[in-house]
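Throughout, protein chains are lettered first and strands after them, A, B, ... in sequence-line order, and every chain is numbered starting at 1.
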Protein chains: 2
Amino acid sequence: MSATKLLVLGIVHLSGGAHGYQVRSELQSWGAESWAKIKPGSIYHALKKAAADGLLTEHAEPGNSGPERVLYRATARGRDEMVELVRDGLRRTHDADMLNASIAMLPMLTRTDAIAQVNERVARLEAELVGQAKGWENPNPDIPEHVRDQAELWAGHARTELEWAKSLSKRLSEGAYTMADDPGSWRTVHDPLKMRF
Amino acid sequence: MSATKLLVLGIVHLSGGAHGYQVRSELQSWGAESWAKIKPGSIYHALKKAAADGLLTEHAEPGNSGPERVLYRATARGRDEMVELVRDGLRRTHDADMLNASIAMLPMLTRTDAIAQVNERVARLEAELVGQAKGWENPNPDIPEHVRDQAELWAGHARTELEWAKSLSKRLSEGAYTMADDPGSWRTVHDPLKMRF
DNA sequence: GGCCAAGTAGTCAAATTGGAATAGTCTCTA
DNA sequence: TAGAGACTATTCCAATTTGACTACTTGGCC
């Protein structure tokens with residue numbers, strides 16, 4: 001799941017440098033344990049991997065108090081990759097984890113870009129709902145009845161998501177949130193994590 | 001994810017013995033590629049693991065045509081474990097994969113049991129929605145605004161699922177589907193996969 | 001009869017995830 | 001002041017997942 005990658009990169013970017021435990025606590029404080037069910041091992045692995053891939057840099061820090069730790073900092077490539085992941089997660093349907101992670105990192109995008117991606121999602125969801133309704137007309141007889149009924153649930157989820165995405169797009173158009181190209185965004189503020197969004 | 005385990009055990013049980021490729025194709029024919037995004041490697045691994053755990057037995061089959069293959073058959077313990085997994089998946093919220101897999105294997109349960117589990121889910125979803133509405137009154141100020149708005153989406157999904165679960169419970173009460181304790185169920189029919197549900 | 005495409009069946013190394021285990025610090029409190 | 005418990009920070013390895021790869025059979029089709 002690249003949701004882990006996105007979240008980890010995102011937190012490091014937002015805090016302008018972080019070590020593993022910090023990423024973990026930040027996620028926790030966002031109430032993220034419930035959706036992003038990320039275990040410590042995954043966080044540290046993702047950080048190391050991202051460093052190996054040149055998306056982050058590693059700086060050993062002598063443990064002034066407590067055990068020693070490794071500070072990670074964002075690189076330009078890391079930022080580009082992360083922005084791409086957010087854009088992708090907003091568009092791609094059928095991937096709840098990526099959507100959640102992308103929304104958490106929404107202010108990484110410029111306002112117009114975010115709106116475009118969300119609108120793309122809206123279009124895809126609408127197309128899928130139409131497609132499903134069509135497929136419904138002559139159902140595959142190999143599929144057991146109760147499995148077919150499951151489709152109702154998916155359609156319901158798709159409709160919920162559709163409405164929500166539309167309203168998000170609207171809120172964004174009306175200037176909600178501090179986006180990357182707004183004054184006071186994470187790009188210009190010293191400690192974005194403490195920023196009032 | 002134990003959804004893989006459940007699906008694999010379930011297909012082997014339903015077909016009264018199956019090899020890896022068969023499990024794979026069966027899942028595909030159910031249109032399961034979309035929700036259960038299970039790759040071949042995972043299926044073969046799950047089968048081996050289940051056999052090692054005594055949930056399935058392995059029978060080497062000389063390849064009469066094509067490469068040789070391994071036939072897996074269900075054991076009593078395997079059936080018990082699987083039924084437990086289905087019950088659990090129906091009750092447990094916040095685990096879409098398990099819910100999907102459990103619904104696919106719904107007819108493994110007796111009618112009254114299935115109704116009880118679905119009703120339990122309904123109760124849990126209702127409690128969660130109430131809890132969320134309460135938490136909404138004094139939100140944690142550490143959480144960025146856009147992350148808080150995400151909660152709306154989850155609530156929407158929960159409401160969708162709630163309505164769907166209620167209607168499923170109703171359908172079950174009205175005698176829909178062929179459940180484990182109904183005449184002609186997978187327990188008594190020779191080749192349940194070819195059964196008209 | 002040779003060859004290609006599609007279908008059948010499964011293996012394997014590499015990547016990722018899970019979560020217990022380790023280890024040091026700080027803070028009470030009896 | 002010793003010891004219990006909470007917090008900080010990370011490591012480690014087993015379990016699982018991914019998806020590319022192997023290999024064999026069948027059935028056309030030229």
Subject >> Atom-pair distance (CD on B/Gln28; P on C/dA9), nearest Å >> reply: 13 Å

Original post:
Considering only side-chain heavy atoms of B/Tyr44, which listed nucleotide, C/dA9, C/dA20, D/dA9, is closest?
Top reply: C/dA9

**OP:** Check every atom of D/dA9, C/dT17, C/dA9 against the side chain of A/His45 and return the nucleotide holding the closest atom.
**Re:** C/dT17

Original post:
Whole-Å distance between D/dT17 C1' and B/Lys5 NZ?
Top reply: 16 Å

Original post:
Can you check side chain to side chain donor-acceptor pair (under 3.5 Å) on A/Thr4 and A/Ser42, steps first, answer last?
Top reply: CA-CA 7 Å; A/Thr4 306; A/Ser42 310; 5.7 Å; no

Subject >> Mutual orientation of the aromatic rings belonging to B/Trp30 and A/His146 [parallel < 30°, tilted 30-60°, perpendicular > 60°] >> reply: perpendicular

**OP:** Would you please confirm or rule out a distance under 4.0 Å between OP1 or OP2 of C/dG19 and any side-chain N or O of A/Lys39?
**Re:** yes

**OP:** Select base, sugar-phosphate, or nothing to describe what A/Gly20 touches, counting heavy atoms under 4.0 Å on all strands.
**Re:** sugar-phosphate

Original post:
For the pair made of NZ in B/Lys37 and C1' in D/dT18, what is the distance, rounded to whole Å?
Top reply: 12 Å

**OP:** Would you kindly give the CD-to-C1' distance between A/Glu26 and D/dT8, to the nearest whole Å?
**Re:** 15 Å

**OP:** Check the distance between C/dG18's P and A/Ile38's CD1 and give it to me in whole angstrom.
**Re:** 9 Å

Original post:
What is the nucleic acid contact for B/Lys48, judged by heavy atoms within less than 4.0 Å: base, sugar-phosphate only, or nothing?
Top reply: sugar-phosphate

Original post:
Separation of B/Tyr72 atom OH from C/dA9 atom C1', in whole Å?
Top reply: 12 Å

Subject >> Nearest-nucleotide pick for B/His19, side chain only, options being D/dA9, C/dG10, D/dT11 >> reply: C/dG10

**OP:** Measure from the side chain of A/Val70, starting at C-beta and using heavy atoms only, and say which of D/dT10, D/dT17, D/dA20 lies closest.
**Re:** D/dT10

**OP:** Measure from CZ on B/Arg24 to C1' on D/dG19 and round the result to the nearest Å.
**Re:** 10 Å

**OP:** May I ask you to decide whether A/Arg171 forms a salt bridge with A/Glu174, counting only side-chain N to carboxylate O separations under 4.0 Å?
**Re:** no

Original post:
Can you tell me if the side-chain N/O atoms of B/Lys49 get under 4.0 Å from OP1 or OP2 in D/dA15?
Top reply: no

Original post:
Taking only N and O in the side chain of A/Arg69, is any of them less than 4.0 Å away from OP1 or OP2 of D/dT10?
Top reply: no

**OP:** May I ask you to decide whether B/Glu128 forms a salt bridge with B/Arg124, counting only side-chain N to carboxylate O separations under 4.0 Å?
**Re:** no

Subject >> Interatomic distance where OH belongs to A/Tyr21 and P belongs to D/dT10 [whole Å] >> reply: 10 Å

Subject >> Cationic N near anionic O, under 4.0 Å, B/Arg87 to B/Glu120 >> reply: no

Subject >> D/dT16 phosphate, OP1 or OP2, under 4.0 Å from B/Ser42 side-chain N/O >> reply: no

